[in-house]
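A short write-up of the structure that comes next.
Here the structure is a predicted model, which means the values were calculated and not measured.
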Amino acid sequence: MEAARTCVLSSRWRYLWTFTTALDFDGIREILPRTKRYFREYKFVRWVNKVLVLHRGSNVSQFRVSFYLSSSLEGVITNWIYKALAKTVQNFELDFQYNSGHHYTFPQEIYNSLKGVRGLSSIKSLRSICLSAVNVTGEILEFFIHNCPLLDELCVKDSIDLVSLKVVGSSVRLNSLDIQYCSFMKDIEISTPNLFSFKYYGPKIELHIENVPQLVELSVRADHTVEDMFLVAPLVCYFPQLTMLELDSCNEVYKHFSNCELPKLIHLNLRVTIPNHECLVGLACIMKSCPSLQKLTLELQSSGRRIGKKTQQVPRCSHQHLKLVELHMFRGREIDLQLAFYIFENAAILGKMIVEPSNYMTRKEIRNCTQMLESKLPQGVELVIGSLYVSDYKHG
């Protein structure tokens with residue numbers, strides 16, 4: 001009798017997964033490492049199809065597909081989308097960024113079907129949409145934005161069909177908008193009171209942002225010329241409520257933050273070109289605009305451009321809240337060290353500096369730079385080189 005009960009219980013557990021609410025099909029992690037290339041696509045498609053056939057749940061919290069797919073499978077992918085939407089999915093993600101140039105195009109037939117009463121009811125539960133290497137138009141994205149009352153997050157990466165996007169309206173719930181590497185993007189218009197975070201990486205565009213009282217996180221990395229980037233400081237100054245700011249710019253631009261005030265900013269992330277002394281001047285100017293800064297992240301790029309005058313005086317400004325500094329792609333050049341020393345001298349309560357050396361540095365160069373940094377390290381500051389703990393100067 002006990003054996004029979006155990007058998008029944010085992011059978012129940014065997015099919016319990018068919019009611020799972022998370023359908024995460026990660027072929028990159030699960031299929032690619034263990035399978036010969038010829039069988040990868042076949043195994044992945046068979047796996048997804050079997051799960052979708054056996055799945056009995058009526059609601060799905062997550063539907064995610066991540067894989068290297070060929071153009072011959074567009075019909076299969078379309079069928080997966082229909083099944084996911086039929087289960088009133090909440091978090092929907094298609095990630096084909098490993099696809100070696102091929103993009104899946106969001107079907108017009110699905111878009112048309114969603115416009116009906118039945119279609120609209122299937123997307124009412126959507127909370128997030130993330131699309132990578134999926135060609136989708138601004139018209140389709142705006143349809144989701146205005147017809148998904150719970151939609152909090154929209155992320156689109158590497159879509160060649162996305163040219164223009166409007167996120168406008170007081171009823172738009174969207175909290176997070178992330179647009180990256182859409183090669184033909186021309187303009188984005190944003191006017192919505194609920195937006196919390198906006199990220200844009202890509203080509204030069206016309207960017208119009210207004211009526212965003214909740215916007216506290218802003219990331220802009222664009223292929224602008226030096227002249228274009230002079231507009232960044234005035235744009236940012238319209239949002240004194242920012243708590244996180246990420247910029248990709250040349251060093252000259254940062255000096256234009258001299259008259260800008262960002263009193264609530266606590267995390268500043270800058271990609272800085274490092275050809276000369278002017279980057280230190282620009283950094284000092286933008287840091288002065290952020291009196292509450294707690295974390296500073298610098299990516300030390302080198303474009304080879306010479307901008308500004310090397311003889312400019314670096315303004316001193318004591319920072320009373322800066323606790324953590326990260327220096328990425330550190331190469332050990334004189335200007336790299338000057339940046340670190342400037343922070344040592346002006347961050348009153350600095351607790352830790354993390355230095356991630358560039359891959360171009362040799363072990364000997366890293367050791368030499370470590371010694372030079374340690375020689376100027378203030379009391380109580382922990383220095384970390386890469387992921388390795390180096391030293392902790394605490395004087396009791």
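Sparse packing is recorded around CG of Asn359, with 12 or fewer heavy atoms of other residues, nucleotides or ligands lying under 6.0 Å away. More than 12 heavy atoms of other residues, nucleotides or ligands shown are found within 6.0 angstrom of CD on Glu109. At most 12 heavy atoms of other shown residues, nucleotides or ligands fall within 6.0 angstrom of atom NZ in Lys364. The environment of NZ in Lys166 is sparse: at most 12 heavy-atom neighbours from other residues, nucleotides or ligands sit within 6.0 Å.
Proximity of Ile354 to Leu324: side-chain heavy atoms (C-beta onward) are separated by under 4.5 Å at one or more points. Using a 4.5 Å cut-off on side-chain heavy atoms (C-beta onward), Asp95 and Cys130 make no contact. In this structure the side chain of Leu207 reaches within 4.5 angstrom of the side chain of Phe198, judged on heavy atoms. In this structure, the side chains of Leu373 and Phe341 come closer than 4.5 Å at one or more pairs of heavy atoms. Tyr200 is listed as a side-chain neighbour of Met185, based on a closest heavy-atom distance under 4.5 Å. Residues Glu299 and Leu270 are not in side-chain contact: their nearest non-hydrogen atoms beyond the backbone lie 4.5 Å or more apart. Under the 4.5 Å side-chain criterion, counting only non-hydrogen atoms from C-beta, Leu262 is not in contact with Phe239. Between Leu85 and Val89 there is a side-chain heavy-atom pair separated by less than 4.5 Å.
By the side chain to side chain donor-acceptor pair (under 3.5 Å) test, Asp178 pairs with Gln180, sequence neighbours left out. Applying the salt bridge (charged side-chain N to carboxylate O under 4.0 Å, His left out) criterion to Glu74, with sequence neighbours excluded, gives no partner residue. Applying the salt bridge (charged side-chain N to carboxylate O under 4.0 Å, His left out) criterion to Glu142, with sequence neighbours excluded, gives no partner residue. Remark: Lys295 pairs with Glu326 by the salt bridge (charged side-chain N to carboxylate O under 4.0 Å, His left out) rule, at least two apart or across chains. For Ser171, there are no side chain to side chain contact (heavy atoms under 4.5 Å, CB included) partners at least two apart in sequence or on another chain. With sequence neighbours left out, the side chain to side chain contact (heavy atoms under 4.5 Å, CB included) criterion links Val51 to Trp17, Leu23, Phe25, Trp47.
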**Request:** Begin with the C-alpha distance, continue with both residues' side-chain angles, and end with the deciding distance and a verdict on side-chain contact (heavy atoms from CB on, under 4.5 Å) for Leu94 and Ile81.
**Result:** CA-CA 9 Å; Leu94 297 178; Ile81 296 175; 3.9 Å; yes
**Request:** Kindly indicate, with the supporting measurements, whether the criterion side-chain contact (heavy atoms from CB on, under 4.5 Å) is fulfilled by Glu382 and Val384.
**Result:** CA-CA 7 Å; Glu382 178 184 356; Val384 177; 3.6 Å; yes
**Asked** Between Cys369 and Gln371, is a side-chain contact (heavy atoms from CB on, under 4.5 Å) present by the stated rule, with each step listed?
**Response** CA-CA 5 Å; Cys369 285; Gln371 292 175 358; over 6 Å; no
**Message:** Before you tell me yes or no, could you show the steps for Leu296 and Leu322 under side-chain contact (heavy atoms from CB on, under 4.5 Å), namely the whole-Å CA-CA distance, both residues' side-chain angles and the distance that decides it to 0.1 Å?
**Reply:** CA-CA 8 Å; Leu296 174 66; Leu322 185 58; 4.0 Å; yes
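Atom-to-atom distance recorded for Ser289:OG and Met287:CE is 10.5 Å, nearest 0.5 angstrom. Rounding to the nearest 0.5 Å places CD1 of Ile266 at 10.0 Å from NZ of Lys323. In this structure, CG on Asp336 lies 5.0 Å from CZ on Phe330, to the nearest 0.5 angstrom. Note that OG1 of Thr78 and CZ of Phe106 are 8.5 Å apart. Values are rounded to the nearest 0.5 Å. With rounding to the nearest 0.5 Å, the separation of CG in Leu177 from CD1 in Ile188 is 6.5 Å. Annotation: the span from Ile343 atom CD1 to Leu298 atom CG amounts to 5.5 Å, rounded to 0.5 Å.
Tyr238 and Leu268 fall within a single hydrophobic cluster, where Ile, Leu, Val, Met, Phe, Trp and Tyr are joined by side-chain heavy atoms under 4.5 Å apart, directly or via other members.
Distance alone, capped at 3.5 Å, places no donor-acceptor pair between the Asn194 side chain and the Leu174 backbone. Side-chain N or O atoms of Thr105 include none that pairs as donor or acceptor with a backbone N or O of Pro107 at under 3.5 Å. Side chain of Glu210 to main chain of Glu189: no donor-acceptor pair is present (N/O by atom type, distance under 3.5 Å, no hydrogens or angles). Without hydrogens or angle criteria, Thr362 side chain to Glu365 main chain gives a donor-acceptor distance under 3.5 Å. Judged purely by atom type and a 3.5 angstrom limit, Lys352 has no side-chain atom pairing as donor or acceptor with the backbone of Val381. A donor-acceptor contact shorter than 3.5 Å links the side chain of Ser61 to the backbone of Thr21. Put simply, the side chain of Ser358 never gets that close to the backbone of Met361: no donor and acceptor are under 3.5 Å apart.
Val216 belongs to a hydrophobic cluster with Phe196, counting contacts under 4.5 Å between side-chain heavy atoms of Ile, Leu, Val, Met, Phe, Trp and Tyr, direct or through other members. With a 4.5 Å cut-off between side-chain heavy atoms of Ile, Leu, Val, Met, Phe, Trp and Tyr, the cluster of Tyr181 takes in Tyr201.
The minimum heavy-atom distance linking Glu246 with Ser219 is given by the pair OE1-OG, 2.9 Å. Between Gln62 and Val60, the shortest heavy-atom distance links the atoms O-CG1, 2.9 Å. In plain terms, the two heavy atoms of Ser128 and Asn91 that are nearest each other are OG-OD1, 2.8 Å. When all heavy atoms of Val212 and Thr192 are compared, the pair lying nearest together is CG1-O, 3.6 Å. Residues Tyr82 and Ser113 approach most closely at CE2-OG, 3.9 Å, considering heavy atoms. Across all non-hydrogen atoms, the minimal contact from Glu374 to Leu383 is CG-CD2, 3.9 Å.
The aromatic rings of Phe67 and Phe44 lie parallel to each other, their planes meeting at an angle below 30°, with 60° marking the opposite boundary.
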Give the table of side-chain donor-acceptor pairs shorter than 3.5 Å for residues 119-126, with sequence neighbours excluded, one pair per line with atom names and distance.
from, atom 1, to, atom 2, distance (Å)
Ser121, OG, Arg118, O, 2.6
Ser122, OG, Gly119, O, 2.6

Please list, one pair per line, the donor and acceptor atoms closer than 3.5 Å that link side chains of residues 151-164 to other protein atoms, with sequence neighbours excluded.
from, atom 1, to, atom 2, distance (Å)
Asp152, OD1, Arg173, NE, 2.8
Asp158, OD1, His103, NE2, 3.2
Asp158, OD2, His103, NE2, 3.1
Ser159, OG, Val134, O, 3.3
Ser159, OG, Val136, N, 3.0
Ser159, OG, Val136, O, 3.3
Ser164, OG, Asp187, OD1, 2.8
Ser164, OG, Asp187, OD2, 3.4

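Taking the charged nitrogens against the carboxylate oxygens, Arg64 and Asp24 do have a contact shorter than 4.0 Å, which makes a salt bridge.
Residue pairs meeting the side chain to side chain donor-acceptor pair (under 3.5 Å) criterion with at least one partner in residues 260-270, sequence neighbours excluded, are His267-Thr297. Residue pairs that meet the ring pair (Phe, Tyr, Trp, His ring centres under 6.0 Å) test with at least one member in residues 107-139, sequence neighbours left out, are Tyr111-Phe143.
Side-chain contact, Lys83 with His55: no donor N or O sits under 3.5 Å from an acceptor N or O.
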